[in-house]
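Have a look at the structure below before the remarks.
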Amino acid sequence: MSHNLNIRGTEKIMTVNAVSHTRAFAPASLDDVETVFVDADLLIIGGGNAGCFVAVEAGKLRPDARVVIVEKAEIHRSGACSAGMDAINTYIPPDKTPEDLVRWSRAQVGGGPLREDLALSNARELNEAVEDLERWGVPFLRDEQGNVRYRGKWDISIHGEQLKPIMAEQAIKSGAEVYNRIAVTALLMRDGKCCGAVGFGVRDGKCYVFRAGATVISTGGAGTLYKSYTADSTDSGAQIWMCPYCVGSGYAMGFRCGAELTSLEQRWVATRTKDFCGPVDTISVGYGAPIINAEGDRVMSRYEDLGGDAAPRYIRANAPMEEWLAGRGPCYCDTTHLSPEKARAMMEDYLNERPSFVLFLASRGQDVTREPIEIFGSDPYILGGHTGGGFWVDMQRMTTLPGLFAAGEAAGGNPNKFVGGCCVEGKLAARGALAYLEKNAALPEVDMEAVEREKARIYAPLLARDKDGVRPVEMKERLQRLMDEYAGGVSQFYRTSQARLEYALRHIKMLQSQFQFLRAADLHELMSAHETMDRVDVAEAVVHHLMARKETRWAGWQTRTDYPERNDAEFDCFIESRRDPETGEVSTFTRPYEQLLPGDRYRG
């Protein structure tokens with residue numbers, strides 16, 4: 001076992017690691033489970049993109065503060081950026097302003113609603129945060145004059161295979177203590193305030209109690225709520241576009257404690273390469289490959305009034321699916337015009353983000369200059385860095401629970417942040433948390449009764465491992481099929497209705513009642529059990545949001561067959577939800593949309 005503490009005041013910077021491999025752990029009772037207590041000024045749950053930037057900013061502003069990162073995986077390859085990126089999706093060019101970026105973002109979500117206050121604060125610091133990445137060692141592609149290479153209106157090209165390890169090293173150098181392989185399961189609350197979190201070691205089986213003055217959730221978005229039709233079997237059930245390990249645990253923890261969630265009905269659905277779920281912007285934006293249908297027609301020409309190939313993302317995502325429904329599928333990105341040199345360059349770009357897609361094409365013997373790349377819609381995701389779903393936060397990125405902050409995909413209301421915007425939000429959340437600490441310096445007392453209740457909940461599936469019950473994968477797959485068929489999944493071409501959603505909600509309640517029957521044979525399956533429970537709770541919130549928006553505002557992302565038209569008179573607003581932590585009842589309500597930047601909301 002390794003206990004390599006980050007030792008302040010020395011040049012030796014290391015992390016706090018659990019055992020290197022999962023050990024056999026078969027407790028007979030809770031008495032066999034060791035509890036470890038850790039105090040922190042600032043606790044960061046999730047060491048992905050935003051979490052690393054929280055740590056770096058906190059280390060810069062308060063080097064005396066004890067900053068702790070808790071990571072479910074291993075910080076060097078965790079989160080949505082774990083496998084790398086081939087581009088930074090937003091970087092403001094010299095002839096544009098932060099206001100221009102926010103106007104573009106507003107148009108990309110059909111004129112809103114979006115939190116223009118949050119978006120502006122992000123945009124004003126975007127370029128500096130992106131440039132941090134280059135200063136740290138991420139290779140940016142530049143032309144002969146030294147200018148960054150744009151591949152679209154806002155995207156710049158990078159060689160980003162090492163993007164996440166570079167971020168992780170900076171977080172460690174900042175002085176943060178990193179607890180790898182710890183699955184956080186619940187927030188600690190005291191007198192209505194968040195005062196830390198509880199979790200368990202996926203490798204060592206210990207119960208970890210983190211007491212903190214301020215807590216930042218940066219756990220990413222929620223993938224795997226819906227069935228993916230890229231996967232042909234259970235063994236490849238995580239073959240999705242989004243990081244499959246980001247399952248919405250941060251949303252679930254806050255939701256169970258009464259934190260307000262926003263805009264979950266604005267789901268992220270993207271056009272992806274069919275049968276593999278690889279990125280399409282690399283082809284369509286980077287190499288000008290238009291979307292065509294089976295008849296060779298350019299699909300986006302039907303949407304010229306909305307921008308054609310530059311139409312908002314939800315329209316581009318839904319367009320190929322409409323072709324299938326009209327009998328004109330399958331659809332493709334037409335790469336047959338590419339020269340061999342361009343095709344090779346495109347494959348090299350894929351090596352930075354989805355290298356296995358190059359192997360997939362090679363295994364099929366597909367020459368993309370002769371045969372176009374087939375595309376299809378992805379399963380839906382909840383992603384606060386792409387669309388608007390996540391926690392409702394104030395300008396300091398504090399949620400509606402005092403002491404709890406959110407950054408990156410976890411923070412809602414501010415779509416199109418992508419990598420760079422999540423970096424910025426990490427900085428902003430760090431500043432907000434440190435300001436909160438100045439007024440709440442004393443560490444709160446831990447409610448030990450709450451800790452013991454959570455400890456019992458954590459280990460219940462493992463302690464009942466020899467009894468008949470439900471495996472986590474069985475409940476997960478039941479949820480995924482339920483959401484796909486009744487809550488607007490890809491098999492239904494993203495369409496849903498009141499009757500379907502009510503059916504989904506009834507069966508989600510049934511799944512929640514069956515949490516008590518989950519069984520885990522080992523620590524890894526115990527983690528899967530808690531991930532599955534988190535998925536179910538987030539799915540409950542998503543269904544409530546889809547029910548509350550009785551219109552179709554973003555076809556594909558959110559399509560109601562019973563309310564097929566947009567209704568600005570009633571729904572030009574944010575849909576919010578909150579679950580009562582005492583009764584479990586979910587309420588939905590609205591918040592008004594405030595347009596801060598003048599001009600046409602529908603054009604960027």
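Computed over heavy atoms, backbone and side chain alike; hydrogens, waters and symmetry mates excluded.
In this structure, a donor-acceptor pair under 3.5 Å is absent between the side chains of Tyr563 and Gln498. Residues His545 and Gln266 have side chains that never bring a donor and an acceptor to within less than 3.5 angstrom of each other. Judged by distance alone, the side chains of Asn293 and Glu323 do bring a donor and an acceptor atom under 3.5 Å apart.
Residues Leu225 and Val247 share a closest heavy-atom pair of CD2-O, 4.2 Å. Shown here for Ala317 and Pro320, the closest heavy-atom pair between the two residues is O-CD, 3.5 Å. Shown here for Gly421 and Thr90, the closest heavy-atom pair between the two residues is N-OG1, 4.4 Å. Shown here for Cys246 and Thr219, the closest heavy-atom pair between the two residues is SG-O, 4.0 Å. Across every non-hydrogen atom of Arg302 and Asp297, the tightest pair is NH2-OD2, 3.7 Å. Smallest separation of non-hydrogen atoms from Ser378 and Arg272: CB-CG, 4.0 Å.
Between Asn416 and Trp104, the closest side-chain pair of non-hydrogen atoms falls below 4.5 Å. Between Gln558 and Tyr314 there is no side-chain heavy-atom pair separated by less than 4.5 Å. With contacts defined as side-chain heavy-atom distances shorter than 4.5 Å, the pair Met189/Leu401 qualifies. In this structure, the side chains of Thr552 and Arg566 stay at 4.5 Å or more apart for every pair of heavy atoms. Proximity of Glu374 to Tyr332: side-chain heavy atoms (C-beta onward) are separated by under 4.5 Å at one or more points. The closest side-chain heavy-atom distance from Leu187 to Ile217 is below 4.5 Å. Put simply, the side chain of Glu452 does not reach to within 4.5 Å of the side chain of Cys207, judged on heavy atoms.
Using a cut-off of 4.0 Å between Lys/Arg side-chain N and Asp/Glu carboxylate O, Lys550 and Glu570 are scored as not salt-bridged. Looking at Asp309 and Arg316, no side-chain N of the basic residue comes within less than 4.0 Å of a carboxylate O on the acidic one, giving no salt bridge. A salt bridge links Arg601 to Asp572: one of the charged nitrogens lies within less than 4.0 Å of a carboxylate oxygen.
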- [ ] In sequence, state the C-alpha distance, the side-chain angles, and the governing distance for Met300 and Arg298, and then conclude on side-chain contact (heavy atoms from CB on, under 4.5 Å).
- [x] CA-CA 6 Å; Met300 297 311 298; Arg298 292 186 63 151; over 6 Å; no
TODO: Decide yes or no on salt bridge (Lys or Arg N to Asp or Glu O under 4.0 Å) for Asp191 and Lys193, but give the supporting numbers first.
DONE: CA-CA 6 Å; Asp191 300 325; Lys193 298 179 181 180; over 6 Å; no
Open item on the list: Could you go through His544 and Leu261, starting from their C-alpha distance and side-chain angles, then the distance that decides it, and tell me whether this counts as side-chain contact (heavy atoms from CB on, under 4.5 Å)?
Closed with: CA-CA 11 Å; His544 276 284; Leu261 295 171; over 6 Å; no
Task: Trace of the side-chain contact (heavy atoms from CB on, under 4.5 Å) decision for Glu265 with Trp554 - done: CA-CA 10 Å; Glu265 78 282 5; Trp554 309 283; 4.1 Å; yes
Task: Trace of the side-chain contact (heavy atoms from CB on, under 4.5 Å) decision for Phe515 with Arg457 - done: CA-CA 10 Å; Phe515 285 172; Arg457 188 185 79 90; over 6 Å; no
Open item on the list: As a quick check of understanding, evaluate salt bridge (Lys or Arg N to Asp or Glu O under 4.0 Å) for Arg495 and Glu322, giving each step before the final call.
Closed with: CA-CA 11 Å; Arg495 288 154 169 73; Glu322 294 290 341; 2.8 Å; yes
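Side chain of Lys72 to main chain of Met527: no donor-acceptor pair is present (N/O by atom type, distance under 3.5 Å, no hydrogens or angles). A distance-only check finds no donor-acceptor pair linking the side chain of Lys417 to the backbone of Asn122 [under 3.5 Å]. Formation of a donor-acceptor pair under 3.5 Å by the Glu260 side chain with backbone atoms of Thr400 is not found in this model. Judged by distance alone, the side chain of Asp394 and the main-chain N or O of Met398 form a donor-acceptor pair under 3.5 Å. Arg519 contributes a side-chain N or O that, together with a main-chain N or O of Asp468, makes up a donor-acceptor pair within less than 3.5 Å. Not a single donor-acceptor pair under 3.5 Å links the side chain of Arg313 to the backbone N or O of Thr387. Remark: the backbone N or O of Ala259 is not paired with any side-chain donor or acceptor of Thr399 at under 3.5 angstrom. Between the side chain of Glu409 and the backbone N or O of Gly221, no donor-acceptor pair lies under 3.5 Å. The backbone N or O of Ser82 lies less than 3.5 Å from a partner atom in the side chain of Arg77, making a donor-acceptor pair. A donor-acceptor contact shorter than 3.5 Å links the side chain of Arg397 to the backbone of Leu118.
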Quiz: residues 532-543 side-chain donor-acceptor pairs under 3.5 angstrom, not counting sequence neighbours:
unit_1: Thr532; atom_1: OG1; unit_2: Pro472; atom_2: O; d: 3.4
unit_1: Thr532; atom_1: OG1; unit_2: Ser528; atom_2: O; d: 3.0
unit_1: Thr532; atom_1: OG1; unit_2: Arg535; atom_2: NH1; d: 3.4
unit_1: Asp534; atom_1: OD1; unit_2: Arg256; atom_2: NH1; d: 3.1
unit_1: Asp534; atom_1: OD1; unit_2: Arg256; atom_2: NH2; d: 3.0
unit_1: Asp534; atom_1: OD2; unit_2: Ser249; atom_2: OG; d: 2.7
unit_1: Arg535; atom_1: NE; unit_2: Thr224; atom_2: OG1; d: 2.7
unit_1: Arg535; atom_1: NH2; unit_2: Thr224; atom_2: OG1; d: 3.4
unit_1: Asp537; atom_1: OD1; unit_2: Gln512; atom_2: NE2; d: 2.9
unit_1: Asp537; atom_1: OD2; unit_2: Arg256; atom_2: NH1; d: 2.8
unit_1: Glu540; atom_1: OE1; unit_2: Gln512; atom_2: NE2; d: 3.0
unit_1: Glu540; atom_1: OE1; unit_2: Arg579; atom_2: NH1; d: 2.8
unit_1: Glu540; atom_1: OE2; unit_2: Lys509; atom_2: NZ; d: 2.8

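The distance from atom OG1 of Thr561 to atom CD of Gln492, rounded to the nearest 0.5 Å, is 10.0 Å. Atom OG of Ser218 sits about 10.5 Å away from atom CD of Glu425, to the nearest 0.5 Å. Separating the CG atom in Leu114 from the CD atom in Gln595 is a distance of 9.5 Å, to the nearest 0.5 Å. How far OG1 of Thr590 is from CZ of Phe574: 11.0 Å, rounded to the nearest 0.5 Å. Rounding to the nearest 0.5 Å gives a distance of 11.5 Å between CZ of Arg471 and CG of Leu518. Rounded to the nearest 0.5 Å, atoms OG1 (Thr496) and CG (Leu501) are 3.5 Å apart.
No more than 12 heavy atoms of other residues, nucleotides or ligands lie within 6.0 Å of CZ in Arg603, so this atom counts as exposed by the packing criterion. For Glu565, the CD atom sits in a loose shell: 12 or fewer heavy atoms of surrounding residues, nucleotides or ligands are nearer than 6.0 Å. The environment of Glu582 atom CD is sparse: at most 12 non-hydrogen atoms of other residues, nucleotides or ligands sit within 6.0 angstrom.
Under the 30°/60° scheme for interplanar angles, the aromatic rings of Phe493 and Phe376 are found to stand perpendicular.
With Tyr459 as the aromatic partner, Lys455 does not meet the cation-pi criteria of under 6.0 angstrom to the ring centre and within 45 degrees of the ring axis.
Residue Trp268 is tested with Tyr494, Trp557, Tyr381 for a ring-ring contact (aromatic ring centres under 6.0 Å, His included); the sole match is Trp557.
For Phe276, the ring pair (Phe, Tyr, Trp, His ring centres under 6.0 Å) criterion is met by Phe357, Phe360, not counting sequence neighbours. Listed by chain and number, the residues in a side chain to side chain contact (heavy atoms under 4.5 Å, CB included) with Ala499 are Ser497 (sequence neighbours excluded).
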